[in-house]
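Lettering of chains follows the sequences in order, A, B, ..., and the numbering in each one begins at 1.
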Amino acid sequence: MSEPVRPEARSPRGFVDRRARDLVAERRILTAVSAVYERYGFEPLETGAFEYADALGKFLPDADRPNEGVFALQDDDEQWMALRYDLTAPLARFAAQNWETLPKPFRRYAFGPVWRNEKPGPGRFREFVQCDADTVGSARPEADAEIIAMAAEGLQAAGLPAGSAVLKINNRKLLNGLMAAAGVADDAQKLAVLRAVDKLDRLGPDGVRLLLGEGRLDESGAFTKGAGLNAAAAERVLAFTAAGVGGRSETLTKLADVVGGSAEGDAGLAELEAIDRALTGLGVGVDRAVIEPSVVRGLEYYTGPVFEAELLLQTTDEKGQPIRFGSVGGGGRYDDLVARFTGQPVPATGFSFGVSRLASALRAAGRDLAAEVRGPVVVIAFDQSRMADYFQVAGELRGAGVPAEVYLGASGMKAQMKYADRRLSPAAVIIGEDELAAGTVTIKDLDLGRELSSKVTDNAAWREQRPGQQTIARTEMVAAIRKILDARA
RNA sequence: GCCGCCCUAGCUCAGUUGGUUAGAGCGCCAGAUUGUGGCUCUGGAGGUCUCCCGUUCGAUCCGGGAGGGCGGUACCA
């Protein structure tokens with residue numbers, strides 16, 4: 001007989017296990033944000049994890065394999081289905097499918113896992129939870145403003161302190177107008193300009209100047225081809241991106257100087273002015289939302305206003321290195337998504353953020369929403385023949401709303417105490433022969449013991465003292481446990 | 001995708017100029033303590049030295065390839 005081939009216990013790369021601590025933190029974020037979104041009149045919606053691949057906008061080549069980027073499989077009727085890569089594409093499908101019967105404009109929020117089949121990196125996974133809110137069927141700039149205000153309020157409700165995040169607003173139409181004025185007509189060249197501008201925060205104006213022109217050689221020796229603008233056009237783009245200082249109306253005035261005159265630029269400016277006015281009415285000041293001309297976001301997707309939520313938190317990692325979290329979410333107006341299905345253009349705008357990313361940002365900022373996950377009261381399984389009594393005790397505690405469990409392993413008492421300690425249990429209940437005979441229970445306050453343990457040096461003394469331990473009448477058990485719980489609340 | 005660096009126990013890492021039984025700290029399990037968490041001491045489990053091919057009498061070590069990780073860059077709905 002040869003050794004059986006055993007599978008290696010490991011998770012696929014880009015997929016992570018998340019334990020109680022993470023889950024509690026994320027659940028709190030979602031609860032807080034959902035409450036805000038519902039207060040704004042957005043209804044929850046849940047759609048399935050799979051969509052037909054064509055509904056996601058993924059074109060399937062004749063090869064029996066869909067485009068990269070998504071996880072796809074073929075149904076038994078040969079149709080390609082794929083796991084959703086965001087929550088916007090399923091919304092577009094849902095809206096198109098139910099358009100006739102939906103109240104319009106349709107306002108909904110959604111959260112859940114999304115999947116991307118691409119190379120994972122630090123803080124970048126192939127499965128992660130997104131939270132998304134959209135208004136479908138309103139072309140008014142006020143719809144964008146409301147999404148922005150709601151995003152700002154949502155992030156704050158999730159636990160981000162005021163001033164630690166700012167929403168940056170821009171409008172695609174401004175850049176389009178600018179490029180038209182600069183004589184950029186070629187689509188490939190337009191994309192190259194957008195990509196260059198998107199890198200402003202990382203490379204600075206000099207790096208972007210190179211990318212707008214001939215190209216840039218980075219430290220690793222790789223060369224990135226530039227957009228091929230002439231010097232005058234490049235400077236004009238840079239001047240545009242530099243206009244984002246001061247208040248919103250100041251910025252708008254400056255932008256008018258740079259892009260004003262072109263039809264598309266003027267339209268973009270008018271939208272931003274309307275958004276600014278609505279934001280002011282909504283009570284969102286420049287501390288929470290600014291106009292930032294260098295924001296680009298997804299390339300071919302957005303048609304008008306775009307926004308990005310940037311974290312301003314300054315934090316350091318375990319090694320003391322400063323970390324920049326940067327963007328935690330973004331969104332914008334996409335007026336062509338539903339039209340893919342129905343043929344008729346439907347204006348829509350939305351915002352989405354990564355829930356785990358926000359949670360880890362909050363943690364790094366010392367805003368841990370779930371610092372420790374407490375374990376249950378542990379009923380020590382002292383005498384194997386009295387298990388029924390122990391379950392009765394656990395039931396009594398549970399009935400009083402106290403998380404409790406009977407130790408179900410086979411180990412001795414020492415290991416059971418260690419188990420309770422490791423679970424961060426507030427207390428252990430010990431019922432042995434003595435207690436059974438006397439109709440009492442022994443309760444050990446583990447929190448108190450944790451506090452005292454650091455000062456004890458001698459094990460015999462530690463055991464002798466039995467800190468926080470009391471033997472009381474069985475009828476007083478729940479009250480005594482309550483007292484221990486309340487002391488730490 | 002492209003460029004560079006890295007891969008030895010669950011974790012962090014030593015080490016072997018290519019030679020027979022590969023180590024430490026932490027963690028884990030058990031005992032000292034037959035009804036008590038921490039400390040201390042003692043003992044134990046745990047490794048195809050990432051995988052495959054080649055060179056060699058002999059490879060964890062040298063060469064090639066693959067996989068995985070890290071950093072940069074590109075892309076990102």
Side-chain angles (χ1 to χ4, degrees), chain A residues 3 6 8-10 12-14 51 55-59 67-70 82 84-90 92 114-122 124 130 132 191-192 194-196 198-199 202-203 207 211 215-225 296-302 318 321 327 330-332 334 336-337 340 352 375 378 380-383 407 411-425 427-436 442-469 471:
Chain A
E3 281 287 305
R6 296 208 172 85
E8 193 183 341
R10 53 175 194 150
R13 64 201 187 93
E51 293 284 343
L56 289 179
K58 285 286 158 189
F59 304 102
N67 280 4
E68 294 188 5
V70 297
R84 63 187 182 205
Y85 53 78
D86 70 7
L87 296 171
T88 312
V114 300
W115 296 267
R116 295 184 184 184
N117 190 4
E118 54 191 29
K119 182 182 154 190
R124 228 183 125 136
Q130 252 193 2
D132 178 271
L191 285 177
L194 290 177
R195 275 196 280 264
D198 194 30
K199 295 181 175 62
R202 192 155 48 83
L203 301 180
L211 284 175
R216 176 175 175 272
L217 190 70
D218 64 52
E219 314 87 81
S220 77
F223 182 74
T224 310
K225 197 170 178 300
V296 173
R297 302 297 300 171
L299 290 179
E300 311 200 52
Y301 187 95
Y302 294 113
E318 313 84 61
Q321 300 284 322
S327 167
Y334 51 97
D336 299 330
L337 229 52
R340 277 210 354 262
S352 56
V378 172
I380 303 293
F382 188 89
D383 181 344
Y407 179 81
S411 303
M413 180 150 176
K414 187 184 166 88
Q416 297 191 38
M417 292 301 300
K418 200 168 173 177
Y419 171 82
D421 187 40
R422 214 188 270 188
R423 290 287 303 273
L424 272 185
S425 296
V429 175
I430 304 166
I431 305 175
E433 291 163 32
D434 300 346
E435 287 85 354
L436 282 165
T442 295
I443 292 170
K444 183 152 183 156
D445 184 341
L446 297 176
D447 280 332
L448 183 64
R450 281 186 198 97
E451 225 171 76
L452 300 175
S453 68
S454 57
K455 296 170 196 137
V456 178
T457 52
D458 177 46
N459 181 260
W462 162 252
R463 283 166 41 130
E464 198 65 37
Q465 284 171 358
R466 309 230 153 132
Q469 192 163 320
T471 299

Proximal nucleotide (of [options]) relative to the [X] side chain:
X: Y301(A); options: rU73(B), rC75(B), rA77(B); value: rA77(B)
X: K199(A); options: rC75(B), rG37(B), rG35(B); value: rC75(B)
X: E435(A); options: rC76(B), rG35(B), rU33(B); value: rG35(B)
X: R422(A); options: rC28(B), rU73(B), rA77(B); value: rC28(B)
X: K444(A); options: rA77(B), rA74(B), rG37(B); value: rG37(B)

R297(A) and D198(A) ion-paired at < 4.0 Å: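 Result for this pair is no, no salt bridge flagged.
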Please report, rounded to the nearest Å, how far the [atom2] atom of [N] is from the [atom1] atom of [X].
X: D383(A); N: rU34(B); atom1: CG; atom2: P; answer: 17 Å
X: L191(A); N: rC76(B); atom1: CG; atom2: C1'; answer: 13 Å
X: N117(A); N: rA77(B); atom1: CG; atom2: P; answer: 16 Å
X: Y302(A); N: rA77(B); atom1: OH; atom2: P; answer: 7 Å
X: K414(A); N: rC29(B); atom1: NZ; atom2: C1'; answer: 12 Å
X: D198(A); N: rC76(B); atom1: CG; atom2: P; answer: 9 Å
X: Y407(A); N: rG35(B); atom1: OH; atom2: P; answer: 15 Å
X: E118(A); N: rG1(B); atom1: CD; atom2: C1'; answer: 12 Å

Could you check Y407(A) against Y419(A) for side-chain contact (heavy atoms from CB on, under 4.5 Å), going step by step and ending with a plain yes or no? CA-CA 9 Å; Y407(A) 179 81; Y419(A) 171 82; 3.7 Å; yes
Any chance you could measure L56(A), atom CG, to D86(A), atom CG, to the nearest 0.5 Å?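 CG of D86(A) is found 8.0 Å from CG of L56(A).
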If we ignore hydrogens and angles and just use 3.5 Å, is the side chain of [X] paired with the main-chain N or O of [Y] as donor and acceptor?
X: R116(A); Y: Y85(A); answer: yes
X: E51(A); Y: A89(A); answer: no
X: S425(A); Y: A420(A); answer: yes
X: R195(A); Y: L211(A); answer: no
X: Q469(A); Y: D445(A); answer: no

Parallel, tilted or perpendicular: which one describes the rings of Y334(A) and Y301(A), with boundaries at 30° and 60°?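 It falls in the tilted class, 30° to 60°.
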Where each residue is assigned the nucleotide of RNA chain B containing its nearest heavy atom, which of D434(A) and P120(A) is assigned the position nearer the 5′ end?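 Result: D434(A).
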Hey, which of these two, S411(A) or M417(A), hits RNA chain B nearer its 5' end, going by closest nucleotide?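 By nearest-heavy-atom nucleotide position, the 5'-most residue is S411(A).
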Is the ring centre of F382(A) under 5.5 Å from the base ring centre of rG35(B), and are the two planes under 30° apart, so that they stack?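 According to the criterion (under 5.5 Å, under 30°), no, F382(A) does not stack.
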With rounding to the closest Å, how many angstrom separate the [atom1] atoms on [N] and [M]?
N: rA9(B); M: rG25(B); atom1: C1'; value: 12 Å
N: rG10(B); M: rG47(B); atom1: P; value: 7 Å
N: rC41(B); M: rU8(B); atom1: C1'; value: 30 Å
N: rG27(B); M: rC51(B); atom1: P; value: 28 Å
N: rU48(B); M: rC11(B); atom1: P; value: 12 Å
N: rU60(B); M: rC7(B); atom1: P; value: 16 Å
N: rG64(B); M: rG15(B); atom1: P; value: 23 Å
N: rU17(B); M: rC13(B); atom1: P; value: 23 Å

Would you say rC75(B) has OP1 or OP2 under 4.0 Å from some side-chain N or O of R195(A)?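 For rC75(B), OP1/OP2 do have a side-chain N/O of R195(A) under 4.0 Å.
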Does a side-chain N or O from R297(A) land closer than 4.0 Å to OP1 or OP2 of rA77(B), or not?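 No, no such contact exists.
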Given Watson-Crick and G-U pairs under 3.5 Å, RNA chain B in dot-bracket ([ ] crossing, | other strand) is (((((((..((((.....[...)))).(((((.......))))).....(((((..]....))))))))))))....
Can you list the steps and then say if L203(A) with R216(A) is a side-chain contact (heavy atoms from CB on, under 4.5 Å)? CA-CA 10 Å; L203(A) 301 180; R216(A) 176 175 175 272; 3.5 Å; yes
Quick check on side chain to side chain contact (heavy atoms under 4.5 Å, CB included): which of I443(A), L436(A), T442(A), D383(A) does I431(A) satisfy it with?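 Exactly one candidate clears the test, L436(A).
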Which residues pass the side-chain contact (heavy atoms from CB on, under 4.5 Å) test with K418(A), not counting sequence neighbours?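 In terms of side-chain contact (heavy atoms from CB on, under 4.5 Å), with neighbours along the sequence ignored, K418(A) is linked to R422(A).
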Mind checking if [X] touches a base, just sugar-phosphate, or nothing, with heavy atoms under 4.0 Å?
X: K225(A); value: nothing
X: I430(A); value: base
X: R450(A); value: base
X: E451(A); value: nothing
X: D445(A); value: base
X: R124(A); value: base
X: Q469(A); value: base

Report, one pair per line, the protein and nucleotides 65-68 of chain B atoms (nitrogen or oxygen only) whose separation is under 3.5 Å.
unit_1	atom_1	unit_2	atom_2	d
rG68(B)	OP1	R13(A)	NE	3.2

